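Because the structure is a prediction, the values reported are computed rather than measured. We count ligands from 1, going down the list as the structure has it; atoms in each ligand are counted the same way.
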Amino acid sequence: MPPHTGEAEFKLSLRGDVLLAPMTTLGIGGRARYFADASGVDGLVAGVEWARSEALPLFVLGSGSNIVVADSGFPGLVLRVSMRGMISRVEGKRAMVTVAAGEDWDGFVAACVARNWAGIECLSGIPGRIGATPIQNVGAYGQETSETLVSLKALSLETGKLEELSAAECEFGYRTSRFKTTARDRFVITSVTYQLEVSGNPAMRYAELERYLGEHGTTRPSLAQVREAVLTLRRRKAMVIDYQDPDSRSVGSFFVNPILTRAEFEEVKQRASGSIIGSEDMPTFPTADDQVKLSAAWLIERAGIKRGYAHGGVGTSTKHALAIVNRGGGTAGEIIKLKELIQGRVLDMFGLELTPEPVFVGFES
Ligand SMILES: Cc1cc2nc3c(=O)[nH]c(=O)nc-3n(C[C@H](O)[C@H](O)[C@H](O)COP(=O)(O)OP(=O)(O)OC[C@H]3O[C@@H](n4cnc5c(N)ncnc54)[C@H](O)[C@@H]3O)c2cc1C
């Protein structure tokens with residue numbers, strides 16, 4: 001038990017020397033010097049203040065599906081955001097829903113689809129808690145959380161006060177937000193408000209999803225059919241957590257898909273055409289601002305790291321080259337080595353540096 005925890009111990013049940021690996025989807029990582037679950041804003045504030053009074057670093061945890069924890073663990077307080085609850089109000093075609101940060105994201109999606117509220121159906125099957133989804137503007141199958149997020153409440157670690165931030169103030173971008181950039185580690189999100197459309201149509205913007213539904217005779221799918229289709233497609237790529245399936249012991253995509261200007265893209269294509277057979281098939285996706293999005297998975301495979309590549313206790317998923325998995329007994333050190341190997345190969349082959357998606361916890365730099 002930590003010394004002199006006083007009020008914080010009372011509100012939080014602080015524990016000392018807690019193994020973090022089981023609290024992550026990778027199942028990797030050492031111990032937190034201190035750990036606590038914050039099931040209310042009071043507990044959250046108490047934890048933040050206690051860490052500050054003890055001059056300890058603070059890490060805010062959701063369900064650990066987008067983090068790599070160092071083998072040496074974390075030398076401060078890991079505070080898991082565990083507030084629960086959901087309030088909704090329907091006004092004509094609009095459903096305004098406020099969800100506590102500790103609620104499970106996919107449980108929330110399922111509840112909205114069951115009520116026939118449109119706007120997040122393509123984000124089915126993504127692990128994690130509500131409070132983490134704005135951090136990297138979670139997205140999949142043509143939809144992003146920023147499209148329906150109206151505002152959020154967060155504890156400012158600078159002022160110690162609860163603040164309300166509009167979607168514009170979150171500065172969302174592709175797999176990023178203000179919380180990952182200019183306001184990194186400055187806020188703890190406590191709840192998020194979404195505006196969904198009552199009996200709205202599902203978003204059909206992703207060719208693979210549309211093709212799958214078409215093949216199954218569904219040209220005008222319901223929200224529930226889209227959810228099921230997304231779950232099926234995700235399972236094929238081990239992108240739904242299944243603890244029986246070692247291929248899903250990952251953080252999802254390990255790298256974000258590179259977004260390039262047209263000129264940068266031409267350079268990459270030029271470089272690839274000199275060395276790679278079939279480089280003319282390089283998949284590209286247009287973006288709203290006339291840039292070009294590339295497939296990180298394609299780049300990795302063409303750089304020679306195939307699906308099922310093994311590197312000690314870790315490797316790439318047998319179903320998706322973009323997912324680094326814990327094959328059993330893997331370490332964070334091995335994850336970092338494999339990350340660097342992949343980045344090095346892609347850099348050599350395409351002149352592109354892949355940017356990792358997960359957050360690295362407890363590493364020196
Ligand atoms: C199999 C699999 C598939 C995935 N598929 C996708 C996908 O399709 N699309 C996608 O975008 N992501 C995907 N991910 C990544 C991940 O699910 C999301 O990033 C998710 O939102 C992380 O939630 P979490 O609660 O696990 O956050 P954690 O991993 O615990 O934390 C991630 C980051 O958010 C911060 N954080 C967490 N909660 C809060 C809070 N309340 N306030 C402030 N900061 C907070 C943490 O400090 C950390 O920096 C996938 C992951 C896996 C394992």
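- Atom NZ of K93 sits in a crowded spot, with more than 12 heavy atoms from other residues, nucleotides or ligands closer than 6.0 Å.
- Heavy atoms of R234 come nearer than 4.0 angstrom to ligand 1 in at least one pair.
- When the heavy atoms of G131, P134, S63 are ranked by distance to atom 39 (C) of ligand 1, first place goes to G131.
- Of all atoms in ligand 1, listed by their number and element, those nearer than 4.0 Å to a heavy atom of A140 are 8 (O).
- Every atom of ligand 1 with a heavy atom of F187 under 4.0 Å away is listed here by number and element: 43 (C).
- The aromatic rings of H311 and Y309 lie parallel to each other, their planes meeting at an angle below 30°, with 60° marking the opposite boundary.
- The distance from ligand 1 to the heavy atoms of N66 drops below 4.0 Å at these ligand atoms: 15 (C), 16 (C), 19 (O), 22 (C), 29 (O).
- Considering L157, V251, V256 only, the shortest heavy-atom separation from atom 14 (N) of ligand 1 involves V251.
- Ligand 1 has at least one atom lying under 4.0 Å from a heavy atom of R175.
- Counting only non-hydrogen atoms, the option in G252, G139, S253, A183 that gets closest to atom 7 (C) of ligand 1 is G139.
- Interface atoms of ligand 1 facing V188, defined by a heavy-atom separation under 4.0 Å, are 42 (N), 43 (C).
- Judged by distance alone, with hydrogens and angles left aside, the side-chain atoms of S222 form a donor-acceptor pair with the main-chain N or O of Q225 at under 3.5 Å.
- An N or O contact shorter than 3.5 Å is missing between L61 and ligand 1 by distance.
- Taking the six-membered ring for Trp and the full ring otherwise, Y194 and W117 have centroids separated by 6.0 Å or more.
- With a 6.0 Å radius and a threshold of 12 heavy atoms from other residues, nucleotides or ligands, R220 has its CZ atom at or below the threshold.
- Residue contacts with ligand 1: F59 is included, with a non-hydrogen atom under 4.0 Å away.
- Contact annotation: for I126 versus ligand 1, heavy atoms closer than 4.0 Å belong to the side chain alone.
- The list of salt bridge (Lys or Arg N to Asp or Glu O under 4.0 Å) pairs with a residue in residues 151-172, not counting sequence neighbours, reads E158-R186.
- Residue V60 has at least one N or O atom closer than 3.5 Å to an N or O atom of ligand 1.
- Taking every non-hydrogen atom of S250 and a distance limit under 4.0 Å, the qualifying atoms of ligand 1 come out as 1 (C), 53 (C).
- Between the N257 side chain and the A296 main chain, a donor and an acceptor come within less than 3.5 Å of each other.
- Under the side chain to side chain contact (heavy atoms under 4.5 Å, CB included) criterion, Y212 pairs with H216, A229, T232, L233, R236, sequence neighbours left out.
- In the candidate list V359, V78, I67, V359 is nearest to atom 49 (O) of ligand 1, counting heavy atoms.
- For the pair K339/V68, no side-chain contact is recorded, criterion being any heavy-atom separation below 4.5 Å from C-beta on.
- In summary, the atoms of ligand 1 found under 4.0 Å from a heavy atom of G128, numbered by their order in the structure, are 23 (O), 24 (P), 25 (O), 26 (O).
- Selection from V69, L58, I135 by nearest heavy atom to atom 44 (N) of ligand 1 gives I135.
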